[in-house]
Amino acid sequence: MLVELSHVIEAGMVTYPGLPGPEIGEHLTREASRASYAPGTEFSIGRITMVSNTGTYLDTPFHRYADGTDLAGLPLSAFADLDTVVIRDPAARGVDVADLAGRDVAGRAVLLHTGGDRGWRTPAYAEDAPFLTEAGASWLAERGAALVGIDAVNIDDISPAAEGRRPAHTILLAAGIPIVEHLTNLAALPPAGARFTAAPPRVAGFGTFPVRAFAILGPSGS
C-alpha cells in the first residue's frame with residue numbers, strides 16, 4: 001500500500017512566508033506543436049519557475065554549508081526505501097528529547113507528526129509552528145538517524161523569539177542527515193515499520209528541491 005506524504009505544487013502558492021510562489025505555464029502549447037508533427041500528433045512542454053524551497057522538499061548539507069554534499073552528491077540510500085519511526089503528539093510545540101527517548105532511530109527516517117500541516121496554505125501555517133529543538137536534533141544526530149522529516153513549515157523554530165537561529169538545520173546537516181519539510185498525511189503511517197522515500201532530482205550545486213514523498217506499508221499496515 002502506497003501512502004502519499006507530499007503536498008501538491010500549484011501556481012502562485014506560498015510554501016514559506018516571504019518566498020515567491022511557483023509560476024507554471026507552457027513553453028510549447030499543443031496548438032503550436034502541431035506545425036512540427038504529423039496530422040493528429042501534438043505535445044505540450046511545460047515550464048515552471050520556482051525557488052527550490054517549494055512544496056514538500058528535501059534539504060541536503062549544501063543548503064546550510066558551502067562545502068556540504070549537494071543534491072547530485074547524495075546517494076539514493078540517503079532518502080529512498082528507509083525504515084521509519086513516527087514521533088507523534090509532542091508534549092510541547094518543540095519536539096524534544098523526551099518525545100524521542102526510547103525509540104530506535106539508528107539508520108531510520110524519523111518523521112515528526114505534529115499536525116502542523118493542518119494550516120497548509122493559510123497564515124496559521126507559520127504561526128507558532130511546531131519544530132525540533134536543538135537538544136532533540138543533537139539526540140537524533142548522536143544516535144545515527146538517517147533522515148528527519150516534519151509536517152510543518154520548518155524543522156526549526158522560525159518565530160521572532162528564535163532570533164534567526166537554526167540549530168536543527170545546523171546540527172542535522174552537519175551530520176549529513178537530510179531534512180524533509182512540509183510533509184503531510186503522517187497520520188496514515190504506523191508508529192514504525194513503513195518504508196519512506198523522498199527522492200529529489202540530481203541537480204548539481206543545489207541544496208534543496210521538491211520531492212514526491214511517500215511511504216510503503218506492508219500487508220499488515222506496517
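One-based numbering along the sequence shown.
Not a single donor-acceptor pair under 3.5 Å links the side chain of E10 to the backbone N or O of G12. In terms of modelled atom types and a separation under 3.5 Å, the side chain of D96 and the main chain of T133 share no donor-acceptor contact. Not one N or O on the side chain of E42 forms a donor-acceptor pair closer than 3.5 Å with the backbone of R34. Side-chain atoms of R165 do not come within 3.5 Å of backbone N or O of D156 as any donor-acceptor pair. Side-chain atoms of T60 come within 3.5 Å of backbone N or O of T69 as a donor-acceptor pair. In this structure, N154 contributes its side chain and F131 its backbone to no donor-acceptor pair below 3.5 Å. With T197 contributing its side chain and F214 its backbone, the two residues share no donor-acceptor pair below 3.5 Å. Within the 3.5 Å criterion, the main-chain N or O of A194 finds a donor-acceptor partner in the side chain of T84. Checked by atom type and distance alone, the side chain of R93 pairs as donor or acceptor with a backbone atom of A129 at under 3.5 Å.
Residues V8 and V3 do not share a hydrophobic cluster, clusters being chains of Ile/Leu/Val/Met/Phe/Trp/Tyr side chains in contact below 4.5 Å. When the side chains of ILVMFWY residues are joined at heavy-atom separations under 4.5 Å, either directly or via intervening members, V148 and V211 end up in two distinct hydrophobic clusters. Grouping the Ile, Leu, Val, Met, Phe, Trp and Tyr side chains by contacts below 4.5 angstrom, directly or via other members, places I177 with I150. Under a hydrophobic clustering in which Ile, Leu, Val, Met, Phe, Trp and Tyr are joined whenever their side-chain heavy atoms come within less than 4.5 Å, directly or via other members, L74 and Y57 fall into different clusters. The same ILVMFWY cluster, assembled from side-chain heavy atoms under 4.5 Å apart, contains both L71 and I48.
Looking only at side-chain heavy atoms (C-beta outward), D83 and R195 come within less than 4.5 Å of each other. Annotation: side chain of V85 is not in contact with side chain of L111 (no heavy-atom distance under 4.5 Å). For the pair H63/S52, no side-chain contact is recorded, criterion being any heavy-atom separation below 4.5 Å from C-beta on. Looking only at side-chain heavy atoms (C-beta outward), D70 and V203 stay at 4.5 Å or farther from each other. The closest side-chain heavy-atom distance from V180 to L147 is below 4.5 Å. The shortest distance between side-chain heavy atoms of R143 and D104 does not fall below 4.5 Å. Contact annotation: the side chain of N53 never approaches that of T15 to less than 4.5 Å [non-hydrogen atoms, C-beta and beyond].
The two residues A137 and L172 have their closest heavy-atom pair at O-CD2, 3.7 Å. Residues D117 and L183 share a closest heavy-atom pair of CB-O, 3.7 Å. The shortest heavy-atom contact between A215 and L189 is CB-CD2, 3.6 Å. When all heavy atoms are compared, the tightest approach of P130 to A152 is O-CB, 3.7 Å. When all heavy atoms are compared, the tightest approach of S33 to R30 is OG-O, 2.8 Å. Minimum heavy-atom separation, F196 to A109: CD2-CB, 3.9 Å.
Atom CZ of R88 and atom CG of L186 lie 7.5 Å apart (nearest 0.5 Å). The CZ atom of F209 sits 14.5 Å away from the CZ atom of R202 when rounded to the nearest 0.5 Å. Put simply, CG on D59 and OG1 on T208 are 4.0 Å apart, with the number rounded to the nearest 0.5 Å. Atom CZ of R64 sits about 10.5 Å away from atom CD1 of I179, to the nearest 0.5 Å. Atom OG of residue S6 and atom CG of residue L58 lie 12.5 Å apart, to the nearest 0.5 angstrom. Considering OG1 of T54 and CE of M13, their distance stands at 6.5 Å, rounded to 0.5 Å.
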### Query
Taking it one step at a time, do I171 and L140 satisfy side-chain contact (heavy atoms from CB on, under 4.5 Å)?
CA-CA 9 Å; I171 292 166; L140 290 170; over 6 Å; no
### Chi angles and distances behind the side-chain contact (heavy atoms from CB on, under 4.5 Å) call for L173, F62
CA-CA 8 Å; L173 297 179; F62 185 75; over 6 Å; no
### Test side-chain contact (heavy atoms from CB on, under 4.5 Å) applied to L100 and V105, step by step
CA-CA 9 Å; L100 305 167; V105 301; 5.9 Å; no
### Task
Go through the steps for D151 and T114 under the test side-chain hydrogen bond (donor to acceptor under 3.5 Å, both in side chains), then give the verdict.
CA-CA 6 Å; D151 58 353; T114 69; 2.6 Å; yes
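The number of heavy-atom neighbours closer than 6.0 Å to CZ of R121, taken from other residues, nucleotides and ligands shown, is above 12. Annotation: E31, atom CD; neighbour count of heavy atoms from other residues, nucleotides and ligands within 6.0 Å is above 12. Within 6.0 Å of CZ on R212 lie no more than 12 heavy atoms contributed by other residues, nucleotides or ligands. Atom CZ of R118 is surrounded by 12 or fewer heavy atoms from other residues, nucleotides or ligands within 6.0 Å.
When the ring pair (Phe, Tyr, Trp, His ring centres under 6.0 Å) test is applied to F206, no partner is found at least two apart in sequence or on another chain. Residues satisfying the ring pair (Phe, Tyr, Trp, His ring centres under 6.0 Å) criterion with Y125, sequence neighbours excluded, are W120, H182.
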All N/O donor-acceptor pairs, side-chain side in residues 16-27, below 3.5 Å, sequence neighbours left out:
unit_1, atom_1, unit_2, atom_2, d
E26, OE2, S44, OG, 2.9
H27, ND1, R47, NH2, 2.9

